[in-house]
Structure formats: C-alpha cells, structure tokens
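Just so it is clear: chains get the letters A, B, ... in the order the sequence lines come, proteins before strands, and each one is counted from 1.
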Amino acid sequence: MPELPDVELFKQYIDATSLHQKIDTVTVKNETILKGITAGNLKEKLEGKTFNCSRRHGKFLFVCIDTTSWLALHFGMTGFLKYFKRMEKESDHARLLFSFTNGYHLAYDCQRMLGKIQVIEDIAQFIKKKNLGPDPLDPDFEIDTFRRQLDGRKGMIKPTLMNQQIIAGIGNIYSDEILFQAKIHPKQAVSDLSNEKIENLFRHIRSVLESAISYHADPEKFPEWFLLPHRHKNGNCPKCHTTIKKITVSQRSSYYCPNCQKQ
DNA sequence: ACATTGACCTGAGAGC
DNA sequence: TGCTCTCAGGTCAATG
C-alpha cells in the first residue's frame, strides 16, 4: 500500500491524532523493524516526550521528537498506522506501540516487516545520504528538474519512475497509473521519449498523485477514468475498453492498456 | 555511473 | 481439510 499518496495520508492521520500528546510508554514488539537503535534506547529517547510536527519526503514520514531528533518511518510493502483506545482494537501485526497519557495508542503495523523505523538528526542530511530524488509534490519540483533527472538514462520508463533516487515516492501501483494517464508503455526507453511526452508525463505525475490523495488512496473511490480499479485480471481499459494486459517489467507485475499505451 | 538480479520477510489465496 | 506454490503496492547489496 504505502506509496507517496498513502504516506501523505499517514501524515495527515498522525497530525490529526497523535501530535501534541505526551508519550507515556513505547512498546517494541518486534525489534527487526528498528534500524540503528535498540528498543531500550528508543524507549529512553521517546518516553515523556511529545510529537510536535511531521513532514514527508517520498515514502518517508518524519515525526519530530525535539530540536535535534526525528523519527523516520518507512512502511515497506505492508506498513500502516492505527490510532485506537481499546487494546482489543490493536491491529494484527503491530510492531511498535506508542501509548499516550490520554489513554490512546498509536500502532505501527507491518506484516512483512520490510518497513524500518529509525531516529535521525537532520532530514536534509538523511535525504542526501540516501541520495533520494525530489518529492514530486514539492512546489520546487519543476519540469526542468525532472528533465535533468531523466537525462542520460538508458533504462525503461517504469523502473526509472520507481527509482527513488530519481523521484521519491512512486511505486509499482502509481507508476502504472501515471503511465496509463500519460499514454506511455511501461517498457518504453527513457531515451526515446520526446520532449512533449516528458512534459506530459511530468504533468500526470502530479495530477495522479494529487488525485489519489484527494480520493483517500482508495481505489473504490477513484474516478472511472483511473486505471487502478481495473488493474487486475480481465480488467478493461476505462478509456477504450480493451482488455488490460499484464506483463513483467523488471521483476514487478505491470498492467497497461495495449491500445492506449503503444510502445 | 547505470541497469539488472537475487535476497530479504510474512501471510493470503489459488490449485490440487 | 491440508498441503504446496505463487504472489504481494518495499528496498538493498552484489553483479555485469
């Protein structure tokens, strides 16, 4: 689930539920999701503190603890957050639990444990160290930046869009949606894209991600012209009704319309 | 420097 | 019912 739109919604969720609440206890249920910090040190670092603000870059969510530290959350393939009061409402794979003094809890749930939580000192430094590309919803991300990022690339467009070092936040699902809206075949070589195609692609990156957030990243609420609700076996293209095709592109399944997205 | 591959995890669902 | 196999929206290190 967690690509940029999902993580943006997690941010809104944490802002609406967990900011400005005193953390009473931190329970680490599975230490594998911690990176660079032990359960004991994390407890020590957080208990008695308050989450004051949050930020997002690509698929990372940052929650500030104090002036010199942030909690950096990554959700892997199956991570999400859940805020609840009664313990029987706790989700099945809660790996980390923040219990606030108001009696509520915030769980970090991650079934496959591919997500990671760490404590960092500086977001800009973290982004630089990971070599993350620009966030496509950042107002400073403009067409010229995008062109520069694609310059010299020889690979296929889909894996390029999913490369976090080129643009941060797009995964398997939304790359399919963006390419569908931009009418580009997932295997199209980046070097073969015309200027016009690149501009069009740039526009669709923003519009798809923004729309997805506004529809709560829920395929059931997506408008009819989205590919996502039809992105399955025997699905039909919402534009021309051709049967959606499934292929493998760099080891990930890709769905596209063979009529609208010609190579 | 860039592109591609396999490994890392767990569990749901399909097929037998 | 129970077993096995495949697949899943993530990255990362190692290889060509």
Determine: side-chain N/O of A:K130 to OP1/OP2 of C:dC12, distance under 4.0 Å, yes or no.
yes
Judged by atom type as modelled, is there a donor-acceptor pair below 3.5 Å linking the side chain of A:R56 to the main-chain atoms of A:L9?
no
Would a distance-only check, ignoring hydrogens and angles, find a side-chain to backbone donor-acceptor pair under 3.5 Å from A:K116 to A:T32?
yes
Tell me if a side-chain donor or acceptor on A:T145 pairs with a main-chain N or O of A:F141 at a distance below 3.5 Å.
no
In whole Å, what is the span from the CD atom of A:E3 to the C1' atom of C:dG10?
9 Å
Under the side-chain contact (heavy atoms from CB on, under 4.5 Å) test, residues paired with A:C260 that sit two or more places apart:
A:C237, A:K239, A:C240, A:C257
Between B:dA3 (P) and A:M156 (CE): distance, integer Å
10 Å
State whether the side chain of A:K221 and the backbone N or O of A:A217 hold a donor-acceptor pair below 3.5 Å, judged by distance alone.
no
Taking atom C1' of C:dG10 as reference, at what distance in whole Å does atom CG of A:L61 sit?
16 Å
Respond yes when some side-chain nitrogen or oxygen of A:Q111 is under 4.0 Å from OP1 or OP2 of B:dC9, and no when none is.
no
Stepwise side-chain hydrogen bond (donor to acceptor under 3.5 Å, both in side chains) test for A:T101 and A:D24
CA-CA 5 Å; A:T101 52; A:D24 184 32; over 6 Å; no
Is A:K116 touching bases, backbone alone, or none of the nucleic acid, heavy atoms closer than 4.0 Å?
nothing
Atom CG of A:L150 and atom C1' of B:dC2 are separated, to the nearest Å, by 14 Å
Do NZ/NE/NH1/NH2 and the carboxylate oxygens of A:D6 and A:K59 come within less than 4.0 Å?
no
Tell me whether the side-chain N/O atoms of A:H74 come closer than 4.0 Å to OP1 or OP2 in C:dT11.
yes
From CD1 of A:I213 across to P of C:dG9 the rounded distance in Å is 20 Å
Residues touching DNA chain C, which here means a heavy atom under 4.0 Å, drawn from residues 250-263 of chain A:
A:R252, A:S253
Could you tell me the separation between the CG atom of A:L114 and the P atom of B:dT10, rounded to a whole number of Å?
9 Å
Using the criterion of both pairing distances under 3.5 Å for Watson-Crick and G-U wobble pairs, give all stems of 3 or more consecutive pairs involving DNA chain C.
B:2-8 with C:10-16, B:10-16 with C:2-8
5' precedence on DNA chain B between A:K233 and A:R95 (nearest-nucleotide basis)
A:R95
Look at the side chain of A:R112 and the base of C:dA8, then say whether one donor and one acceptor between them are separated by less than 3.5 Å.
yes
Hey, is A:E142 close enough to A:R147 for a salt bridge, meaning N to O under 4.0 Å?
no
Find the distance between CD1 (A:I120) and CD1 (A:I37) and round it off to the nearest 0.5 Å.
12.0 Å
How close or far is atom P of B:dA3 from atom CD of A:Q164, stated in whole angstroms?
15 Å
Is a side-chain donor or acceptor of A:N131 paired with a backbone partner of A:Q165 at a separation under 3.5 angstrom?
no
Assign each of A:G152 and A:M113 the nucleotide of DNA chain B bearing its closest heavy atom; nearer the 5' end lies the nucleotide of A:G152
P atom, B:dA3 versus C:dG9: distance in rounded Å?
22 Å
Spacing of A:F10 atom CZ relative to C:dG9 atom P, expressed in whole Å
15 Å
Please state the P separation for the pair B:dC9 and C:dA14 - nearest whole angstrom.
15 Å
